[in-house]
Structures are given as structure tokens and as C-alpha cells.
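Heads up, the thing below is written out as C-alpha cells.
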Amino acid sequence: MFITKYKVTAPEVIEEFVSTLEYDNESVLVRVDMMAICKADIRYFLGKRDKHVLDMKYPLAPIHEAVGTVIKDPTNTFNKGDKVILIPNFVNESKCLKCKHTRCNRPDLGKNYCPYAKFKSSSSDGFMTPFYSCTPDLLVKYDSSISSEIAVFSELLSVSNACCRRINFNEAEYIALFGDGIMSYMVYLLLTHVYKKEVSVFGLNEDKLSLFKHAKTYKFEDYNKKNGFDTLIECVGGKGSEFAINQMIDIAKIGADLVLMGVSEENVSINTRKILEKGICLKGVTRSTNEDFEVISTALNNPLLVEELKPLVLSVNTIQSVNDVYATYELEINNTKVVGKNLMKF
């Protein structure tokens with residue numbers, strides 16, 4: 001079966017490739033229904049990574065946020081027409097027996113931290129193609145009543161659930177979220193609708209903060225008026241994460257947990273003296289596991305959560321040529337003021 005695949009081949013260059021899609025009796029054939037562009041996809045497109053890293057990545061098909069419909073499944077795991085979330089993180093389990101890390105079974109960690117793991121649109125080609133095949137363990141079914149425009153946010157929600165796995169909810173009485181972007185919003189949704197926790201959100205933009213309807217919201221400059229948080233989550237990323245983390249350290253309780261989610265390409269300077277004085281614990285979060293996607297598949301059945309996801313759909317763009325891909329990337333790159341995504345479909 002011949003398929004079209006779009007790949008980033010150099011900074012700001014996307015090319016169309018035609019290749020053969022291979023699948024066998026152990027693979028599920030899926031039509032890709034909806035895709036979303038991640039900040040990481042934008043960094044690879046703009047060439048905002050170290051040149052040595054980019055030289056190893058290109059050419060690379062982007063997209064690790066996608067959902068689809070099962071066309072054919074010889075394994076009988078799924079039925080034809082089932083709606084599925086495409087899982088971007090996968091592990092070569094043949095290496096597990098010799099693994100010296102043995103951390104995958106820890107419930108707060110999991111296979112997303114495996115050094116042998118591969119990730120779509122990073123260490124392997126992403127989902128930027130109309131058709132895709134994989135083993136059934138790399139798909140999670142979701143209810144067909146949920147639109148693909150909503151379900152495509154599952155990957156971001158799954159990473160947010162991975163964040164929640166790093167939280168000790170027995171001690172997390174006062175939770176603060178730093179950041180007013182889409183990642184912070186996803187964590188807020190899960191804390192509010194799945195884990196039933198109250199949360200305070202600190203951000204820069206009042207319009208963005210207005211989306212966090214069930215949270216107490218504050219501007220960053222008001223952070224010093226609040227104290228006593230035992231769990232603080234950073235969703236800022238970039239150079240701004242330096243200021244956010246230091247503000248979090250200032251208002252953290254003694255023995256608090258700081259959970260870091262934002263990605264920065266540069267080292268950031270943080271107040272280690274106060275970390276020591278307060279006995280603060282730093283935890284990192286990246287990617288997610290199959291179990292996280294299962295949690296999200298169930299959570300999507302919550303109409304209150306779905307209702308709060310709807311404003312994130314800024315546009316749905318049909319991809320018929322490479323020019324359409326460029327146009328959608330431009331929409332995403334230029335969107336700095338609104339929480340949401342410009343989606344793609346074939």
C-alpha cells in the first residue's frame with residue numbers, strides 16, 4: 001500500500017514522500033483522522049534545536065498527537081470502525097530483560113522514562129500520514145460519541161496524567177499551577193474533573209487565565225501574596241521557567257514537591273539555597289504510558305471535561321498538499337495569545 005508522508009527535511013522545509021506502508025497479521029491498519037501540532041514539532045520545523053541534534057533527526061515526519069479509525073485488525077483486538085488514540089511512546093521490550101534501570105514498574109514513573117523508548121516525531125517518524133499501522137498495544141480505544149477534534153487532545157491529557165502520578169495526593173492539600181498555556185490547562189482539567197482537587201493558577205495573561213473557570217487565578221506579580229503550597233507544578237517552559245520555578249520555591253511549604261513539566265533548550269538558574277533550606281523535592285515529568293492513555297479514554301466520557309476542551313479547537317484544516325501543512329504550521333507559530341490549537345485532518 002502506497003502512502004504519502006510529510007517530513008521536515010531542514011529548518012522551515014517540509015517535503016512530501018511516497019512510501020510503502022507495511023503491515024502484517026500482527027498489525028492494525030488505521031486511518032489517521034485528526035492531528036495536532038506540538039511545541040516540539042514547531043521547534044524541529046524552525047530548527048530551534050542544537051544543529052548536531054537536528055542533523056540526526058532530519059528528515060523527520062512530525063506529529064505525535066493523533067487519533068484515528070481502525071480499518072482492519074487481523075489480531076481481532078479491535079473492530080473495524082473503532083475510534084482509537086495513537087500512542088507515540090513505545091519500548092523495545094526485548095531489551096527489558098537486560099535493563100539495569102528497572103524503574104518501569106514504579107507507578108509514579110513507568111515506561112515513558114525508559115532509555116530504550118522511542119517517541120514519534122522525535123526518535124522515529126510521527127503520524128503525519130493518512131494511514132498508519134502498528135501493533136494493537138500502541139492503540140487505545142475511545143468512545144465513538146467523542147468527536148476526533150476533542151479526542152486529539154488525549155496525548156496532552158495523558159502527559160498531564162503522568163504529572164498527576166508524580167503527585168502524592170495524600171499530602172497535596174494546596175496545589176499551585178504556574179503557567180497559563182495549554183499544558184497548564186490540561187493539568188488543571190485533570191486535577192479538577194478526575195482527581196477532584198482545588199487548584200490555584202498563576203499566569204501572565206488575564207484572557208488565558210479566564211479559561212480556568214474552576215480555579216483560583218492570579219497574575220505572576222501577585223505570587224508573593226500567597227504562601228503555603230505543598231505541591232507546585234511548573235508548566236511555563238523556555239527561559240520563563242527560571243522565573244516561575246524561583247517564584248514557586250518562594251511560596252512553597254517546607255518539604256513541598258515541585259513538579260517540572262516545561263521544556264527549556266537552555267539551562268535555567270534556580271535558587272538552590274532555598275531548596276535546601278526548605279527541603280524541597282524536585283520531580284520531572286515527560287511523556288506518558290499506555291496506562292495514562294487508558295485513564296484519559298475513560299475521562300473523555302465526562303461531559304464537563306469535554307465542554308472545557310471545546311474552546312481549544314481554534315480551527316480544523318484539511319491537508320491536501322504540502323502547502324496546507326505549511327499554512328497550518330504558520331497558524332500555530334503565530335498563535336501566542338490564545339489557548340488552543342489549529343488542528344489538521346486529511
Side-chain angles (χ1 to χ4, degrees), residues 3-9 14-19 21 28-46 57 59-71 82-90 118-134 138-142 144 146-160 182-183 186 287-288 293 296-297 300 306 309-335 338-346:
I3 59 167
T4 300
K5 186 175 287 189
Y6 296 96
K7 296 188 180 188
V8 180
T9 57
I14 300 173
E15 296 184 47
E16 184 177 311
F17 290 74
V18 176
S19 59
L21 178 64
V28 184
L29 180 62
V30 176
R31 182 184 70 242
V32 179
D33 293 333
M34 195 67 59
M35 301 161 287
I37 298 170
C38 174
K39 294 292 185 186
D41 294 321
I42 291 174
R43 285 194 291 271
Y44 284 126
F45 173 69
L46 295 177
K57 301 285 186 182
L60 179 70
I63 307 301
H64 57 260
E65 301 173 22
V67 294
T69 301
V70 173
I71 296 176
D82 278 352
K83 299 296 183 179
V84 288
I85 307 163
L86 280 55
I87 299 179
N89 196 59
F90 57 101
K118 297 286 187 181
F119 195 78
K120 295 291 185 181
S121 76
S122 177
S123 49
S124 68
D125 274 343
F127 301 125
M128 193 71 220
T129 181
F131 298 96
Y132 171 68
S133 69
C134 64
L138 295 179
L139 301 170
V140 169
K141 182 180 176 180
Y142 70 92
S144 60
I146 308 299
S147 71
S148 58
E149 288 95 335
I150 296 299
V152 77
F153 292 101
S154 294
E155 198 276 336
L156 275 177
L157 286 167
S158 75
V159 177
S160 300
I182 196 165
M183 192 75 256
M186 294 296 173
R287 299 172 181 169
S288 53
F293 280 94
I296 300 311
S297 175
L300 288 176
V306 169
L309 284 170
K310 287 179 180 179
L312 303 185
V313 181
L314 304 182
S315 68
V316 178
N317 303 273
T318 301
I319 304 302
Q320 295 179 324
S321 71
V322 70
N323 290 333
D324 299 321
V325 183
Y326 277 119
T328 310
Y329 262 85
E330 284 301 312
L331 289 174
E332 277 298 282
I333 291 167
N334 293 325
N335 176 30
V338 181
V339 179
K341 294 206 176 204
N342 297 281
L343 307 178
M344 297 185 290
K345 67 176 184 178
F346 287 105

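Counting only N and O atoms by type, the side chains of N342 and T328 include no donor and acceptor under 3.5 Å apart.
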Exercise. Report the C-alpha separation of N317 and D324 in whole Å, then their side-chain angles, then the decisive distance to 0.1 Å, and conclude whether the side-chain contact (heavy atoms from CB on, under 4.5 Å) test is met.
Key: CA-CA 8 Å; N317 303 273; D324 299 321; over 6 Å; no

Quiz item: Going through the distances and angles, do I63 and S121 end up as a side-chain contact (heavy atoms from CB on, under 4.5 Å)?
Solution: CA-CA 6 Å; I63 307 301; S121 76; 5.5 Å; no

Exercise. Would you check, one step at a time, whether the test side-chain contact (heavy atoms from CB on, under 4.5 Å) holds for K5 with L21?
Key: CA-CA 10 Å; K5 186 175 287 189; L21 178 64; over 6 Å; no

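A 4.5 Å side-chain heavy-atom check between P62 and I37 finds every atom pair outside the cut-off. For the pair V316/K345, a side-chain contact is recorded, criterion being any heavy-atom separation below 4.5 Å from C-beta on. Residues F293 and P88 have side chains in contact (heavy-atom distance under 4.5 Å, counting atoms from C-beta outward). Here the side chains of L314 and L331 are not in contact, with every heavy-atom distance at 4.5 Å or above. Inter-residue side-chain proximity for K57 and V8 is flagged as unmet; no heavy-atom pair is nearer than 4.5 Å. For the pair K39/M183, no side-chain contact is recorded, criterion being any heavy-atom separation below 4.5 Å from C-beta on. Looking only at side-chain heavy atoms (C-beta outward), D125 and L60 come within less than 4.5 Å of each other. Side-chain contact between V325 and E16 is absent, with no heavy-atom pair separated by less than 4.5 Å.
Here the closest non-hydrogen pair linking I85 and Y142 is CG1-CD2, 3.7 Å. Of all heavy-atom pairs spanning V67 and A151, the tightest one is CG1-O, 3.6 Å. Contact detail for C134 and L138: the closest heavy-atom pair is SG-CB, 4.0 Å. Closest approach of K7 and A61 over heavy atoms only: CG-N, 3.7 Å. M186 and S160 make their closest contact through CB-OG, 3.1 Å (heavy atoms, listed as atom of the first residue, atom of the second, distance). Smallest separation of non-hydrogen atoms from V152 and A36: CG2-N, 3.9 Å.
Annotation: the span from F45 atom CZ to Y326 atom OH amounts to 6.0 Å, rounded to 0.5 Å. Rounding to the nearest 0.5 Å gives a distance of 10.0 Å between CZ of F153 and CE of M34. From I150, atom CD1 reaches atom CG of L309 across 5.0 Å, with rounding to the nearest 0.5 Å. Taking OG1 of T4 as the reference point, atom CZ of F17 lies at 11.5 Å (rounded to 0.5 Å). How far CD of E65 is from CE of M344: 9.5 Å, rounded to the nearest 0.5 Å. One finds the CD atom of E155 at 10.5 Å from the CD1 atom of I87 (value rounded to the nearest 0.5 Å).
When each of S123, S122, S124 is checked for a side-chain contact (heavy atoms from CB on, under 4.5 Å) with K120, only S124 meets the rule.
With hydrogens and angles disregarded, a donor-acceptor distance shorter than 3.5 Å links the side chain of D41 to the backbone of C38. Side-chain atoms of T69 never come within 3.5 Å of backbone atoms of R31 as a donor-acceptor pair (strictly under, hydrogens ignored).
Relative orientation of the F127 and Y132 rings is perpendicular, given thresholds of 30° and 60° on the angle between their planes.
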